[in-house]
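The next block holds one structure in the form of structure tokens; read it before the comments.
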Amino acid sequence: MLHWNKQVIAACFLVCSVPVLAQTAPAIEQEQWNGQPTIQTPDARYSSESAVILFEKRRIEYIDEKTDLASYKTFHTRIHINDDKGIESFNKIYLPVNNNADIVDIRARTILPGGKVIDLDKKNIKDMQEDDQLYKIFAMEGLVKDCEIEYYYTYKANVSFFGRDVIQRHFPVLDEKVEVVSPARLIFEAKGYNEVNAPVDTVLGTKRFITVHQQNIPGAVDEKYATLTANLKRVEYKLSYNKSNQTDSRLFTWNELAKRAYSIYATYTDKELKKVDGLISSNGWKNTGNEAAVVIAVEHYLKTNISTREDIADDNAENLEWIIKNKIASYRGIVRLYGAIFKELAVNYEFVMCGSRDDFSVDRSFENWNNCDNQLIYFAKLNKYIAPTLLQMRYPLIDPSWVGTNGIHCKGTVIGNFATAVAFIRPVAGEDYTRSGNNIEAKIRLNKTLDTLVVNSRQLYSGYSAVYYRTSFNFTSEEKQRLLLKELVKFGTSSEQVVSSKIENKEMESYQDNKPFILDMVVNASELVEKAGNKILVKIGEIIGPQVEMYQEKPRQYGMDVNYPHVLDRTIEFTIPDGYKVKNADDLKMSKVYKDNDELAMGFESTYTQEGNVIKVHVVEQYRKIQYPLAWYEDFKKIINAAADFNKVTLVLEAK
């Protein structure tokens, strides 16, 4: 879980009644090796795989320990190694744990083809700390082709009533079992995603078992224009009922989450609001009816003047008086400050929580609170959002990977004299495809010696296409800016011979009117010209920059995701030198488009006209949707490859 959810979840332990029964804590299930190990030869269809995971067992078990509820996680797997790549992939094992005191057991062994078994010496288990996560690491000894490795470990985990297990990996898994075990009074629910079998709920004695069993899971392929993590098979689970409670109310609903978030972000002291009113007055913010102008002004000020970090542990970083005075805030603190300002300005807003298309998102029908760690503020009058914790995003842009996911809107309401919120779930809307562009306006000609192309070009980046560049030229060192400028100049010219360059509209304020970030440059590009006998070859296609090509041997597994809808509009004017003509101008004509219900969904089109000795080329590539279904893959591939084909177009000039 990320920043804000930690506080919300922590509150659950104070208000959610999950009483522990007065009884002796039952022992957790202990893993065991399967008798005398023998090599298990996978089916011949897996012979080309570097490794095959014969089985995996994932179990989280909740038990009563004295007056507390505790949880233990177990992971057990056995893997058949087919080749050197498989050996390299599994010769060192990394096991995430909480801390050394929480480890119940770790065992591992190598099973050689002749039957010899090499057991792990626990003295060889080492610790590694990375990004606040402790790992136990150890090497598997004696790995050879056709051997197998097996290991399991159990550790005491932090108690959480929400969880997730991703069960698809880069290697095929023949047998997968996910199990949630709890005292019978606690009713967990589970749900599989991406064609995972339904769970089975069983009560045996004093324990309840939620089990998902999946077989023959194919190895995942990291495909171009695909969100790999989001497409992997996974199982999610959550606590939904507690039979020990006096009511049968469902636990941890989306409405409950909205109430908790609202109590955190929309509750202020009188002293805090007084300080906020002073901030509003000193900046001259007034809600004159132009709500967009108010939102833009507030966001720009806060993101320019207050340093916001996720890792601030000081409680003061959530106090609005302290934040305004010290100009530093935690993520929770800055969202509270936005809320207080908009409240005092009488701007109609809602707090929104969402996930990401890149990994996990909100499922309306399954309330896994772990899937909505990203924060937005929504303005109903404008039907727009801001991302309060993202410095690089400015109204109306938010993280593009959040667009299209479900958002939990905390809709404020009053019950009696009590202000609270209810949850409304709706997709997070993004900007129209016309708002984001990567455009080029180029005029090119050969120099007097006909061995260099003089490129006079403007690269124009608008909307989301400008975010990376504008952020870099505002928040990175001069050295990094210099290196980025060098790469921008090389884009479309492959040359570092810069005659002149100028950047326009790099300021963050340019977002409000969607002014494009512009690189205006003149470059001498000998790299784009070749001589072939009495012919001159001009690599005109490279002016649009390097392009992705899509070819893959295996069948496509996932639909396509282009990050954000956008259009790429390029115009190229080529002046033919006196005494020459272009032999193959028609190579500049291409058209690959796809329509959905007679409406253009995506396409690549290039055309040209010639007026005297000037060839004018117009190229339009556009993707009007964020995601495209797998059924459209062949058409999507043709459009992507059309851009790559244009990039390879070389004009042949012959003497008249």
Side-chain angles (χ1 to χ4, degrees), residues 224-225 392 436-506 510 516-531 536-550 562-563 566-575 588 604 606 615 617-621 640-651 653:
K224 294 176 181 177
Y225 295 103
Q392 72 276 23
S436 294
N438 179 355
N439 304 333
I440 296 174
E441 299 170 357
K443 294 183 178 181
I444 61 177
R445 59 180 175 80
L446 288 164
N447 65 350
K448 292 182 179 180
T449 55
L450 305 182
D451 60 359
T452 296
L453 199 64
V454 180
V455 180
N456 191 328
S457 176
R458 284 167 63 86
Q459 297 178 20
L460 304 95
Y461 301 87
S462 58
Y464 281 117
S465 298
V467 169
Y468 171 73
Y469 301 110
R470 195 164 273 140
T471 301
S472 297
F473 280 97
N474 279 279
F475 303 117
T476 62
S477 66
E478 290 186 5
E479 174 62 16
K480 289 184 178 179
Q481 292 179 36
R482 187 185 65 80
L483 293 174
L484 178 58
L485 180 59
K486 182 178 178 181
E487 291 303 312
L488 280 169
V489 168
K490 289 177 65 176
F491 181 87
T493 67
S494 301
S495 175
E496 297 181 11
Q497 301 302 311
V498 181
V499 177
S500 65
S501 65
K502 181 177 67 173
I503 290 176
E504 302 174 28
N505 302 332
K506 72 175 183 178
S510 296
F517 173 89
I518 300 174
L519 170 63
D520 204 331
M521 64 183 186
V522 178
V523 179
N524 290 329
S526 59
E527 294 83 354
L528 300 184
V529 180
E530 290 183 7
K531 292 285 186 68
I536 302 173
L537 308 181
V538 177
K539 300 176 183 178
I540 191 172
E542 291 193 21
I543 296 296
I544 70 169
Q547 302 295 309
V548 174
E549 290 186 86
M550 294 189 71
V562 297
N563 199 22
H566 59 281
V567 60
L568 303 96
D569 192 297
R570 298 97 160 200
T571 58
I572 308 169
E573 292 188 11
F574 173 51
T575 301
L588 295 166
F604 180 94
S606 62
I615 289 180
V617 186
H618 188 210
V619 181
V620 178
E621 184 178 358
I640 292 292
N641 289 340
D645 290 341
F646 184 90
N647 175 256
K648 299 172 186 174
V649 171
T650 297
L651 295 182
L653 277 60

A644 versus V548, closest heavy-atom pair with distance: CB-O, 3.6 Å
Just to verify, what does D645 make a side-chain contact (heavy atoms from CB on, under 4.5 Å) with, not counting sequence neighbours? M590, K648
Evaluate side chain to side chain contact (heavy atoms under 4.5 Å, CB included) for I543 paired with L528, printing each intermediate quantity in order. CA-CA 9 Å; I543 296 296; L528 300 184; 3.9 Å; yes
Trace of the side chain to side chain contact (heavy atoms under 4.5 Å, CB included) decision for I615 with L588: CA-CA 10 Å; I615 289 180; L588 295 166; 4.1 Å; yes
Are the side chain of N439 and the backbone N or O of D569 linked by a donor-acceptor pair below 3.5 Å? yes
Donor-acceptor pairs are to be reported for all side-chain atoms of residues 461-468 against protein atoms at under 3.5 Å, with residues two or more places apart or in another chain.
residue, atom, partner, partner atom, Å
Y461, OH, Q459, OE1, 2.6
S462, OG, G437, N, 2.9
Y464, OH, I398, N, 3.2
Y464, OH, I398, O, 2.7
S465, OG, G437, O, 3.4
S465, OG, Y564, OH, 3.0

With E621, which residues qualify under salt bridge (Lys or Arg N to Asp or Glu O under 4.0 Å), at least two apart? R570
About how many Å separate CD of E478 and CD of Q481, when rounded to the nearest 0.5 Å? 6.5 Å
Which residues pass the salt bridge (Lys or Arg N to Asp or Glu O under 4.0 Å) test with E487, sequence neighbours left out? none
Does R470 reach the side chain of Q392, with side-chain heavy atoms less than 4.5 Å apart? no
Side-chain donor or acceptor of N505 paired with backbone N/O of P516 under 3.5 Å: yes
Got a second to check how far M521's CE is from L488's CG, nearest 0.5 Å? 8.0 Å
For K531, all residues meeting side-chain contact (heavy atoms from CB on, under 4.5 Å), sequence neighbours excluded: L450, I536
Go through it in stages, so that I can follow the logic: the residues are V619 and F604, the test is side chain to side chain contact (heavy atoms under 4.5 Å, CB included), and I'd like the CA-CA distance, side-chain angles, deciding distance and then a yes or no. CA-CA 7 Å; V619 181; F604 180 94; 3.5 Å; yes
Salt bridge (Lys or Arg N to Asp or Glu O under 4.0 Å) involving K443 - partner list, sequence neighbours excluded: none
For the student: nearest non-hydrogen atoms of S494 and E542, plus distance: OG-OE1, 3.5 Å
Output all residues satisfying side-chain contact (heavy atoms from CB on, under 4.5 Å) with D451, sequence neighbours left out; order by chain, then residue number. N447, T449
In chain order, what residues pass the side-chain contact (heavy atoms from CB on, under 4.5 Å) check against V567, with sequence neighbours excluded? Y433, V620, Q622
Which atom pairs, donor and acceptor, lie under 3.5 Å between side-chain atoms of residues 495-504 and protein residues at least two apart or in another chain?
residue, atom, partner, partner atom, Å
S495, OG, Q497, N, 3.0
S495, OG, N524, O, 2.8
E504, OE2, R458, NH1, 3.4

Audit row: V617, F574, side chain to side chain contact (heavy atoms under 4.5 Å, CB included) steps and yes/no: CA-CA 8 Å; V617 186; F574 173 51; over 6 Å; no
Distance, nearest 0.5 Å, that separates CG of N641 from CG of N647: 12.0 Å
Approximate separation, where rounding is to 0.5 Å, of N456 CG and I444 CD1: 11.0 Å
Test: ring-ring contact (aromatic ring centres under 6.0 Å, His included). Region: residues 476-500. Which pairs qualify, not counting sequence neighbours? none
To the nearest 0.5 angstrom, please state how far the CZ atom of F646 sits from the CD1 atom of I540. 6.0 Å
Contacts of K224 that satisfy salt bridge (Lys or Arg N to Asp or Glu O under 4.0 Å) - sequence neighbours left out: none
Quick check for you: to the nearest 0.5 Å, what is the distance between L485 atom CG and L519 atom CG? 6.0 Å
Report the residues that fulfil side chain to side chain donor-acceptor pair (under 3.5 Å) with K506, sequence neighbours left out, ordered by chain and then residue number. none
